[in-house]
> 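Pasting in a structure now, in structure tokens, and then I'll have a few things to ask.
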There are 2 protein chains.
Amino acid sequence: MTRASARNVPEVTPLWLKLSSYLILKDEEKDYLSDLEKNIVRQTARTDLLQQGEKYRDVRVMREGWAIRHKALPDGRRQVVNFVLPGDIIGMYSTLFESADHSVTTLTAVEVACFPPERIVELFQSFPRLAAALAWSGAREEAIVAERLLSLGRRTALERTAHLIVELLRRLSTVNLVENGHFTLPVTQEILADALGLSIVHINRTLRRLRDSGLIELNGQRITVNDVRQLASVGQFDELYLHLIRAPKRLERAFSGDRRARSGDDKVEGRKM
Amino acid sequence: MTRASARNVPEVTPLWLKLSSYLILKDEEKDYLSDLEKNIVRQTARTDLLQQGEKYRDVRVMREGWAIRHKALPDGRRQVVNFVLPGDIIGMYSTLFESADHSVTTLTAVEVACFPPERIVELFQSFPRLAAALAWSGAREEAIVAERLLSLGRRTALERTAHLIVELLRRLSTVNLVENGHFTLPVTQEILADALGLSIVHINRTLRRLRDSGLIELNGQRITVNDVRQLASVGQFDELYLHLIRAPKRLERAFSGDRRARSGDDKVEGRKM
DNA sequence: CGATGTATTGAATACAGTCAATAAATGTGG
DNA sequence: CCACATTTATTGACTGTATTCAATACATCG
């Protein structure tokens, strides 16, 4: 915890906060993260950060504001795949694909950091702990999408809606954007509908039910969750999928040893090759 | 294409085939893959490869047979997140999580290769091209789940079903498991229902409609797709999301240069740091 | 202060679910 | 190899959740 006094203490960004919930970052890692987020771009609400079919470019880190990742059918029907919140990364593996199969559109004015995808590779080589944390965050995103799939496939409208609210609460908590159970929800009911696979009208009715039951309150873009436990219960919320636990011991162990040799230790004891 | 005569020519596995659709593997990479798949385990149909809540163990490669990745609600409702086909990897990033948020259950007798997750790290360090190919395959899985989310959210029962059949056809084609438009579909209608967020009864009726329209034929576990184009059209199938194109040029370029320096080249020209 | 986008509610409709009964297929033990 | 049991598939009738259509209220913004 000793901090070199000469060192420029880097700003605490949402990404920093999020990764810190997974493992304790070292100063050099914080510095590298800080450097990654150096190139900052601002964009207004309801503009595209990425368009379906477009060639991928930079990797981006959401620093402030909300966006949605969504896919559309030729006839205009649309599905919101996920919400992009502060601390989330856009197009981490973009180098691997030729073109995007989804769009990303801002819901609010946003502040994003941009860097070339080559830096991800660099990071995997030079900062394996950071790389693991980023990979964790990426894999967790997949888990979130899978959980939403469970919602759309098997939860009722009420359950889905309750579930989404709890999910957002949890995710925003990690980056300090929840205060006393309330947070800003900068979405129209149309967007909620597209996220939950429902019609606008039905989302409206469902929110009404949640409000009438006293579980939530809505004032403009401010949502207050009065009873998280009960809301989570309505949504059949399973804490497991957000993987909000620190890096497993075996991972820490892997990083504690010699950096070059870390692939060998566990392996050899289990099998001979 | 010259092959060292002394070299043990490795078996062509589904994973090998799949990755080859993305980039042309070098002999040393083939050898490494072959070594990864050395430890082979067989398991009968309808047994678990992984259970929700369980601690993660080995990484597995499906060599033969089918499985499903699925999540369940406390009351028993179930959602199949994805089908695990030959060449697919189970739990690639498993080290990063404490416990599994989903189960994996075999549909047929399967043959899987097991290896400790540390080898993924090893591979990222020693075989970056292979690592990229694996990361591609992982990111593609996410894309498949996202596309299924679009299905459940915004496609009708008929569209969903048609879409899934085309998806399976495409994925199985990559690993040479489709012949003349027909392939083995080792699933009950209950599993299809759980994959598509429908009831068993409704899947049955939907399949009937597809058969009556002559688009597909079903004989036991053998399905024949008579008109892929039309079926794809019914399912609003978008070729984009499977990312069935070779590694983008910038990736190849990155690998062609000096291994240690490859993070720098593109980066510097765009910005100064 | 109109204009557009968003929210809300009622009424009619539809797609998909549930219940139920039967048929077909698959598996098991004698 | 057959008889029985179980799982899976199929179809009809009825129900219900969510959609669509429509009208109105409310909000936000230039």
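Every chain is numbered from 1 and lettered A, B, ... according to where its sequence line falls, protein lines coming before strand lines.
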> Taking only the side-chain nitrogens and oxygens of B:Arg46, find out if one of them lies under 4.0 Å from OP1 or OP2 of D:dT8.
yes
> Using heavy atoms to find the nearest nucleotide of DNA chain D for A:Arg155 and B:Asn204 separately, return the residue whose nucleotide is more 5′.
B:Asn204
> In whole Å, I'd like the distance from the CG atom of B:Asn219 to the P atom of D:dA9.
14 Å
> Looking only at the side chains, is there a donor atom on one of A:Ser137 and A:Lys18 sitting less than 3.5 Å from an acceptor on the other?
yes
> Mind checking which nucleotides bracket the chain A contacts on DNA chain C, 5' to 3', with an atom under 4.0 Å from a heavy atom?
C:dT6 to C:dA11
> Could you tell me if A:His182 and A:Arg222 have a donor-acceptor pair between their side chains, going purely by distance under 3.5 Å?
yes
> Quick test of your reading of the model: are B:Glu141 and B:Arg69 salt-bridged, counting only N-O distances below 4.0 Å?
yes
> How do A:Glu190 and B:Thr156 order along DNA chain C: which one's closest nucleotide is nearer the 5' end?
A:Glu190
> Hey, can you tell me if A:Tyr241 and A:His163 have their rings parallel, tilted or perpendicular (30° and 60° cut-offs)?
parallel
> So which atom in A:Leu210 and which in A:Leu231 form the shortest heavy-atom distance, rounded to 0.1 Å?
CD2-CD1, 4.0 Å
> Please give, in whole Å, the distance from D:dA9 C1' to B:Ile191 CD1?
14 Å
> What do the steps show when you test B:Thr105 against B:Asp48 for side-chain hydrogen bond (donor to acceptor under 3.5 Å, both in side chains), and what is the final call?
CA-CA 4 Å; B:Thr105 306; B:Asp48 287 339; 2.6 Å; yes
> What integer distance in Å separates B:Leu207:CG from D:dT11:P?
11 Å
> For DNA chain C, determine which residues of residues 69-85 of chain A have any heavy atom closer than 4.0 angstrom to one of its atoms, and list them numerically.
none
> Once each nucleotide of nucleotides 19-30 of chain D is scored for protein heavy atoms under 4.0 Å, what B/S/- sequence comes out, 5' to 3'?
BBB---------
> Salt bridge check, A:Arg77 against A:Asp75: does any charged N sit closer than 4.0 Å to a carboxylate O?
yes
> Is any side-chain N of the basic residue among B:Arg140 and A:Glu142 closer than 4.0 Å to the acidic one's carboxylate O?
no
> At under 4.0 Å between heavy atoms, what does A:Arg160 touch on the DNA or RNA strands: base, sugar-phosphate, or nothing?
nothing
> Without swapping roles, check the side chain of B:Arg154 against the backbone of A:Leu198 for a donor-acceptor pair under 3.5 Å.
yes
> Inspect the contact between A:Arg63 and A:Glu37 and indicate whether a charged nitrogen and a carboxylate oxygen are less than 4.0 angstrom apart.
yes
> If I take atom CD in residue A:Glu159 and atom P in nucleotide D:dT17, what distance separates them, rounded to the nearest angstrom?
12 Å
> Taking all non-hydrogen atoms of both residues, which atom of B:Ile89 and which atom of B:Val59 are closest, and how far apart?
CG2-CG1, 3.8 Å
> Any base atoms under 4.0 Å from B:Arg211, or only sugar-phosphate, or nothing? Heavy atoms, all strands.
sugar-phosphate
